[in-house]
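Inspection log for the structure reproduced underneath, given as structure tokens.
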Amino acid sequence: QVQLVESGGGLVQAGGSLRLSCAASGRSFSTYNMGWFRQAPGKEREFVGGIWWTGGTTDYADSVKGRFTISRDNAKNTAYLQMSSLKPEDTAVYYCAAQTVVGRKSIYAFYDYNYWGQGTQVTVSS
């Protein structure tokens with residue numbers, strides 16, 4: 001069992017930056033792929049980015065590519081989402097999620113994740 005706790009959300013002006021953290025419990029953090037998703041009011045949950053368990057590969061949604069960066073520190077059992085050049089359309093609840101690498105799973109699909117955090121609100125004002 002893995003428990004995930006996000007932090008770092010808040011209110012920021014357009015063009016600003018925030019760093020979200022996702023702290024994981026348990027001893028197997030380094031064996032999980034980690035993903036970040038977001039959900040705006042009235043919209044479906046969407047993939048923001050992911051980092052494979054090896055730590056060397058990341059991928060992002062086109063809407064955030066070049067502005068957001070995902071990293072992980074396995075020694076601290078923590079994943080990060082660095083967000084820069086924020087836009088009002090980035091406003092959403094942001095979730096981190098952990099995915100076991102057993103079986104055929106997509107890092108892009110929310111239904112392929114095993115554990116979820118509670119979410120943290122990010123609001124970008126214009």
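- Residues Ala14 and Ser126 share a closest heavy-atom pair of CB-CA, 4.4 Å.
- One hydrophobic cluster, built from ILVMFWY side chains closer than 4.5 Å, holds both Leu4 and Val48.
- The backbone N or O of Phe29 sits nowhere less than 3.5 Å from a side-chain atom of Asn74 that would complete a donor-acceptor pair.
- A donor atom on one side chain and an acceptor atom on the other are not found under 3.5 Å apart for Ser106 and Asp112.
- Checked by atom type and distance alone, the side chain of Tyr60 pairs as donor or acceptor with a backbone atom of Ile70 at under 3.5 Å.
- Residue Lys43 qualifies as open at atom NZ: its count of foreign heavy atoms under 6.0 Å is 12 or below.
- Shown here for Leu11 and Ser125, the closest heavy-atom pair between the two residues is CD1-CB, 4.3 Å.
- Looking at every heavy atom in both residues, Gly9 comes nearest to Leu20 through N-CD2, 3.5 Å.
- Contact annotation: the side chain of Ile51 never approaches that of Tyr32 to less than 4.5 Å [non-hydrogen atoms, C-beta and beyond].
- To the nearest 0.5 Å, the span separating OG on Ser7 from CZ on Arg19 amounts to 9.0 Å.
- Residues Tyr94 and Glu6 form no side-chain contact, since every pair of their non-hydrogen atoms from C-beta on lies 4.5 Å or further apart.
- Cluster annotation: Ile107 is not connected to Trp53 through the hydrophobic network of ILVMFWY side chains, with a link wherever side-chain heavy atoms come within less than 4.5 Å.
- The hydrophobic cluster containing Val93 does not contain Tyr115, counting ILVMFWY residues as joined when their side-chain heavy atoms lie under 4.5 angstrom apart, directly or transitively.
- Within the 4.5 Å cutoff, side-chain heavy atoms of Asp59 are placed close to those of Tyr108.
- Using a cut-off of 4.0 Å between Lys/Arg side-chain N and Asp/Glu carboxylate O, Asp90 and Lys87 are scored as not salt-bridged.
- With contacts defined as side-chain heavy-atom distances shorter than 4.5 Å, the pair Gln121/Thr91 qualifies.
- Residues Met34 and Cys22 come closest through the heavy atom pair CE-SG, 4.0 Å.
- Rounded to the nearest 0.5 angstrom, Met83 CE and Thr69 OG1 are separated by 11.0 Å.
- Note on Trp36 and Val124: same hydrophobic cluster, where clusters join Ile, Leu, Val, Met, Phe, Trp and Tyr whose side-chain heavy atoms are under 4.5 Å apart, directly or indirectly.
- Counting heavy atoms from C-beta on, the side chains of Val2 and Ser28 never come closer than 4.5 Å.
- Two residues are said to be in side-chain contact when any heavy atoms from C-beta on lie closer than 4.5 Å; Arg38 and Ser63 meet this criterion.
- Each of Arg72, Lys105, Gln99 was compared with Asn33 under the side-chain hydrogen bond (donor to acceptor under 3.5 Å, both in side chains) criterion, and only Gln99 meets it.
- Under the 6.0 Å cut-off for aromatic ring centres, Phe37 and Tyr113 qualify, their centroids lying closer than that.
- At a threshold of 4.5 Å between non-hydrogen side-chain atoms, the residues Gln39 and Phe110 do not count as touching.
- Remark: Asn77 CG to Ser25 OG distance equals 8.0 Å, nearest 0.5 Å.
- Between Trp52 and Thr58 the shortest heavy-atom distance is CZ3-C, 4.0 Å.
- Hydrophobic cluster membership differs between Tyr95 and Val122, with clusters built from Ile, Leu, Val, Met, Phe, Trp and Tyr side chains linked at under 4.5 angstrom.
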